[in-house]
Amino acid sequence: MVREIRRDELEQLLQLYTYLHEDSVPDMDEHLSSVWDTIMNDDNHHIIVNEIDGKIVSSCVCVIIPNLTRHIRPYAFIENVVTHEDYRGHGYAGECLDMAKRIAVENNCYKMMLLTGSKDPNTWHFYEKAGYNSHDKTAFIQKL
């Protein structure tokens, strides 16, 4: 079942993120709690999850970014696309991206963007199959 995350599911999400690029789950401290509260209270920040048998197995983040160009239409940025390794290849992340697209359309976004650090052709094919292309824009990243 694809849906937005509930406030009480932070720990499950953080466990899932260990399949993304995290090597451990952060301590449940005041800073983490503050960041979680900020995300949960932001109407433009959507954490989409796919739940199978009560377990979050896939997720992505869709952030709606207000914009002053393109007839004052916002755009959506997709981040943290991840699926638990035991559940890959079943379309769960694609379902999360489909929900992100519905949210973007409902918010009158003129485009959606995502970046990937993966060089795996299968990952690129997955994003292309979901409707993204790598031809329209060039991404430049500055790590801080």
Would you say Tyr132 and Met113 make side-chain contact, with heavy atoms under 4.5 Å? no
Can Ile48 and Glu95 be said to form a side-chain contact (heavy atoms from CB on, under 4.5 Å), step by step? CA-CA 9 Å; Ile48 299 160; Glu95 291 174 355; over 6 Å; no
Please check this pair: side chain of Ser33 against backbone of Asp29, looking for a donor-acceptor N/O pair closer than 3.5 Å. no
Short question: side chain of Asn41, backbone of Asp37 - any donor-acceptor pair under 3.5 Å? yes
Close side-chain approach of Val35 and His31, heavy atoms under 4.5 Å: yes
What I'd like to find out is whether the side chain of Ile78 reaches to under 4.5 Å of the side chain of Met112, using heavy atoms alone. yes
Going by heavy atoms in the side chains, are Asn44 and Pro66 under 4.5 Å from each other? yes
Same apolar cluster: Ile65 and Met99, side chain cutoff 4.5 Å: no
So for atom CG, which belongs to Asp27, do other residues, nucleotides or ligands contribute more than 12 heavy atoms lying within a distance under 6.0 Å? no
Going by heavy atoms in the side chains, are Val25 and Gln15 under 4.5 Å from each other? yes
Pair Val82-Cys60, side-chain contact (heavy atoms from CB on, under 4.5 Å): steps then yes or no: CA-CA 6 Å; Val82 61; Cys60 74; over 6 Å; no
Let me check something: do Leu114 and Phe140 share a hydrophobic cluster, defined by ILVMFWY side-chain heavy atoms less than 4.5 Å apart, either directly or through other members? no
Which atom pair, heavy atoms only, marks the closest approach of Asn108 to Arg73? O-NE, 3.0 Å
Take atom CG of Asp43 as the centre, draw a 6.0 Å sphere, and report whether it contains more than 12 heavy atoms from other residues, nucleotides or ligands. no
Scan residues 134-144 for pairs that pass side chain to side chain donor-acceptor pair (under 3.5 Å), counting only residues two or more places apart or in two chains. Asn133-Asp136
Report the C-alpha distance between Tyr92 and Val2 in whole Å, list the side-chain angles of each, state the deciding distance to 0.1 Å, and finish with yes or no for side-chain contact (heavy atoms from CB on, under 4.5 Å). CA-CA 8 Å; Tyr92 300 132; Val2 180; over 6 Å; no
Any non-hydrogen side-chain atom of Leu14 less than 4.5 Å from a side-chain atom of Leu10? yes
Is there a continuous path of hydrophobic side-chain contacts, each under 4.5 Å between heavy atoms, that joins Ile64 to Ile39? no
Are more than 12 heavy atoms from other residues, nucleotides or ligands located less than 6.0 Å from atom NZ of Lys111? yes
Hey, could you give me the CG/CD distance between Leu16 and Glu11, rounded to the nearest 0.5 Å? 13.0 Å
What I'd like to find out is whether the side chain of His21 reaches to under 4.5 Å of the side chain of Asn80, using heavy atoms alone. yes
I need the full list of side chain to side chain donor-acceptor pair (under 3.5 Å) pairs touching residues 54-68, with sequence neighbours left out, sorted by first then second residue. Ser58-Thr83, Asn67-Thr69
In Å, rounded to the nearest 0.5 Å, how long is the span from CZ of Arg102 to CG of Asp98? 6.5 Å
Electrostatic pair Arg3:Glu9 at N-O distance under 4.0 angstrom: yes
What's the spacing between Ile103 CD1 and Cys62 SG if we round to 0.5 Å? 5.5 Å
To the nearest 0.5 Å, what is the distance between CH2 (Trp124) and OG1 (Thr116)? 8.5 Å
Please indicate whether Arg70 has more than 12 foreign heavy atoms, meaning atoms of other residues, nucleotides or ligands, lying under 6.0 Å from its CZ. no
Closest approach of Ala104 and Ala76, non-hydrogen atoms and distance? CB-CB, 3.9 Å
What closest approach, in Å, do Arg7 and Trp36 show between heavy atoms, and which atom pair accounts for it? O-NE1, 3.0 Å
Can Leu13 and Ile47 be said to form a side-chain contact (heavy atoms from CB on, under 4.5 Å), step by step? CA-CA 9 Å; Leu13 181 65; Ile47 299 178; 4.0 Å; yes
According to a 4.5 Å side-chain heavy-atom criterion applied to Ile, Leu, Val, Met, Phe, Trp and Tyr, with indirect links allowed, do Leu32 and Ile5 form part of one hydrophobic cluster? yes
With the 4.5 Å side-chain cut-off for hydrophobic clustering, are Tyr110 and Val63 part of the same group? yes
Closest heavy-atom pair, Phe77 versus Glu79, reported as atoms and distance to 0.1 Å, is CE2-OE1, 3.6 Å
Atom pair CG/CG of Asp23 and Leu20 - distance to nearest 0.5 Å: 12.0 Å
Starting at CD of Gln12, measure out to CD1 of Ile56 and round the result to the nearest 0.5 Å. 4.0 Å
If I compare all heavy atoms of Cys109 with all of Tyr75, which pair ends up nearest, and what's the gap? SG-C, 3.7 Å
Aromatic ring pairing Tyr87/His84, orientation class (parallel under 30°, perpendicular over 60°, tilted between): perpendicular
